[in-house]
Amino acid sequence: MSRYLSSRLSSLESYTPGEQPADNAEYIKLNTNESPYPPSPGVLAALGSGEVSRLNLYPNPDGAKLIAKLAETYDVKPENVIISNGSDELLAFAFLAFFESGVMFPDITYGFYPVYGNLYAIPYTEIPLKDDLTVTVNDYLGVNKNIVLANPNAPTGIALPLRDIEKIIKTNPDNLVLIDEAYVDFGAESAIPLTKKYDNLLVIHTYSKARSLAGARLSYAIASKPIIDDLKTIKYSFNPYNVNRLTQTAGLAALEDAGYYKEKQREIINTREYTSVQLRKLGFEVTDSKANFLFAKNPAIPGRELYLKLKENGILVRHWNKPRIEDYLRITIGTKEQMEALMKVMNETIRGEGV
Ligand SMILES: *Cc1c(COP(=O)(O)O)cnc(C)c1O
């Protein structure tokens, strides 16, 4: 820490991203929920066209072309859409714009929510999940507080049905409800259609998980016009050119290749169900995930020990030293072959432990 750091920030605990090993080839990387599949052929072709030669020019700050296509895709108006440099940035904008009076979210959820709370000195309340790691919907009904929910939740993968999400939005009409749908394309119901009915709903999507573009940094939010306008005010007060030319081009081409992504999403769902069955056969407790990862623990071995065993064998997964979940691992769904390699090490480790 330098002598110049603002005292308000001296005890800030920053977000810890999943490990990104220098030599990716060394590991089967199942720790940051990336897609194991490359971007679609249309995306690669679009990036190979003329856009690179226009990098001397600033990108369109509004992302007008991409926004028009997103609006068409989700059957909303362009004025209801904003794009951003990854959903982490959109979350940062939303916390800054809307949550001065406080916000609530589950105790076990995406690790960035408390980080932004602390960064902006926003009072936040962490609402415990039930023992089975599901959200207690009643905890959020008519509470007159701003609310953030990841749906499906991370790292549990468990999704709330849309009717529960709607109850939460409807019973808190004077507060903003932010639904982070990073994983929605792997089997949950999107709340986007509800943005036409409720002016207090903000839905955030990312290209990082279901559209194979984590490295491009692209996300979008859909909400009523006044909410989107507020987010634009923050964006234009911070970094108007936050989505670069190549990323806007890739994002547009990805929407035009919807069939490719649907197929890959189906493959990931099938591989998830296969892996879940295999893990259960080995005595794992596995949550009912609707995301591109599984959250699992085995009563025969502590989470950290299993995490290290997998790492020794060239497989990276995510583990948190955090109460209630320290025995769980979050395992990204890779290709079928990668999951077979995972199960081989799991078999050796668990059977070798004398279960
Ligand atoms: C991965 C993830 C994000 C961040 O996505 P980016 O668009 O890559 O910044 C946001 N929310 C949740 C719940 C996530 O899992």
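We use all heavy atoms of the structure for the numbers below, so side chains are in, but hydrogens, waters and symmetry mates are not. Note that ligands are numbered from 1 as they come in the structure, with each ligand's atoms numbered from 1 the same way.
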Item to check | Salt bridge present between Lys309 and Glu348 (N-O < 4.0 angstrom) | outcome: no
Item to check | Within reach of ligand 1, part of Ala182 (heavy-atom separation under 4.0 Å) | outcome: side chain
Item to check | Nearest-neighbour protein heavy atom for atom 5 (O) of ligand 1, which is reported as residue plus atom name and distance | outcome: Ser87 OG, 3.0 Å
Item to check | Members besides Tyr241 in its Ile/Leu/Val/Met/Phe/Trp/Tyr cluster (side-chain heavy atoms under 4.5 Å) | outcome: Tyr58
Item to check | Residue and atom name of the nearest protein heavy atom (relative to atom 9 (O) of ligand 1), distance in Å to one decimal | outcome: Arg217 NH2, 2.7 Å
Checklist entry - Any ion pair linking Asp230 and Lys232 (charged N to carboxylate O, less than 4.0 Å)? => result no
Next on the checklist: Between the side chains of Lys225 and Asp199, is the shortest nitrogen-to-carboxylate-oxygen separation below 4.0 Å, so that they form an ion pair?
Outcome noted: no
Checklist entry - Can you tell which part of Tyr183 has a heavy atom less than 4.0 Å from ligand 1: side chain, backbone, both or neither? => result side chain
Checklist entry - Can you check whether Thr206 reaches Leu218 side chain to side chain, under 4.5 Å on heavy atoms? => result no
Checklist entry - Under the salt bridge (Lys or Arg N to Asp or Glu O under 4.0 Å) test, which residues partner Asp75, sequence neighbours left out? => result Lys196
Next on the checklist: Just to be sure I read this right, does ligand 1 sit under 4.0 Å from the backbone of Lys209, its side chain, both, or neither, counting only heavy atoms?
Outcome noted: side chain
Item to check | Shortest reach to atom 13 (C) of ligand 1 by a heavy atom, considering only Leu213, Asn151, Asp180, Asn85 | outcome: Asp180
Next on the checklist: Heavy-atom contact check, 4.0 Å cutoff: does Glu89 meet ligand 1?
Outcome noted: no
Item to check | Geometric N/O contact Tyr113 with ligand 1, under 3.5 angstrom | outcome: no
Next on the checklist: Under 4.0 Å between a side-chain nitrogen and a carboxylate oxygen: does that hold for Arg245 and Glu51?
Outcome noted: yes
Item to check | Ser208 N/O to ligand 1 N/O under 3.5 Å | outcome: yes
Item to check | Per-atom contacts of ligand 1 with Gly86, taking only distances under 4.0 Å to non-hydrogen atoms | outcome: 7 (O), 9 (O)
Checklist outcome for this item: The residue among Phe186, Tyr183, Tyr328 that forms ring pair (Phe, Tyr, Trp, His ring centres under 6.0 Å) with Phe293 is Tyr183
Next on the checklist: Counting non-hydrogen protein atoms only, what is the nearest one to atom 4 (C) of ligand 1? Give residue, atom name and distance.
Outcome noted: Asp88 OD1, 3.3 Å
